[in-house]
Amino acid sequence: MPAEVGTSEMHQINSSENATQETQIENVAEKSAEDGYNWRKYGQKHVKGSENPRSYYKCTHPNCEVKKLLERSLDGQVTEVVYKGRHNHSKPQPNRRLAAGAVPSSQGEERYDGVATIEDKPSNI
DNA sequence: CTTATTTGACCTAGG
DNA sequence: CCCTAGGTCAAATAA
């Protein structure tokens, strides 16, 4: 469309300028193949051979230095999941949120026997 | 206030 | 010695 000179400027209606990523889609579904453990993402890199970003996660448990690699496809499908290491304690209960600021200090601590899941795997190669 | 998450920078290993 | 690839850390931000 000819005519018109560069004098229109950008009057775009910026409803609430999102300097950062606000429109992140409220995903009510899962976030990333949650396996019951709590992971803290510590990095994301793009590996060769796969045009997919690889996410690096680490168990947020004390004394549990287990790492986990999550590779996703362009469709959001997990192409590969890799668990590095072994958990030193059983799976945490679905009782998310265990603030560290509040010391338990014997507060009706229900000892949930770690029996629910003991995915032992000697991996007989 | 505290923790989880994000992103770029930095580090190590190999050729 | 330089470059690539992969892996980890740390500051900033969001909830």
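Just so it is clear, the model here is predicted, and its values are computed rather than measured.
- When rounded to the nearest whole Å, the span between NE2 of A:His61 and P of B:dA4 equals 10 Å.
- In terms of the side-chain contact (heavy atoms from CB on, under 4.5 Å) criterion, residue partners of A:Val47 (sequence neighbours excluded) are, by chain and number, A:Ser50, A:Arg54, A:Glu71.
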Check the interface with nucleotides 6-8 of chain C: list each N/O to N/O pair with the protein under 3.5 Å, or write none.
unit_1	atom_1	unit_2	atom_2	d
C:dG6	OP2	A:Lys48	N	3.1
C:dG7	OP2	A:Arg54	NH1	3.4
C:dG7	OP2	A:Tyr56	OH	2.5
C:dG7	O6	A:Lys45	NZ	2.9
C:dT8	OP1	A:Lys67	NZ	3.2
C:dT8	OP2	A:Tyr42	OH	2.5

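- Shown here are the salt bridge (Lys or Arg N to Asp or Glu O under 4.0 Å) partners of A:Glu65, two or more places apart in sequence or in another chain: there are none.
- Sorted by first then second residue, the salt bridge (Lys or Arg N to Asp or Glu O under 4.0 Å) pairs that include residues 38-48 of chain A, not counting sequence neighbours, number zero.
- The OH atom of A:Tyr57 sits 13 Å away from the C1' atom of B:dT7 (whole-angstrom rounding).
- Under the side chain to side chain donor-acceptor pair (under 3.5 Å) criterion, A:Tyr42 pairs with no residue at all, not counting sequence neighbours.
- For the residue pair A:His61/A:His87, the side-chain donor-acceptor check at 3.5 Å is not satisfied.
- Neither OP1 nor OP2 of B:dT5 sits under 4.0 Å from any side-chain N or O of A:Lys41.
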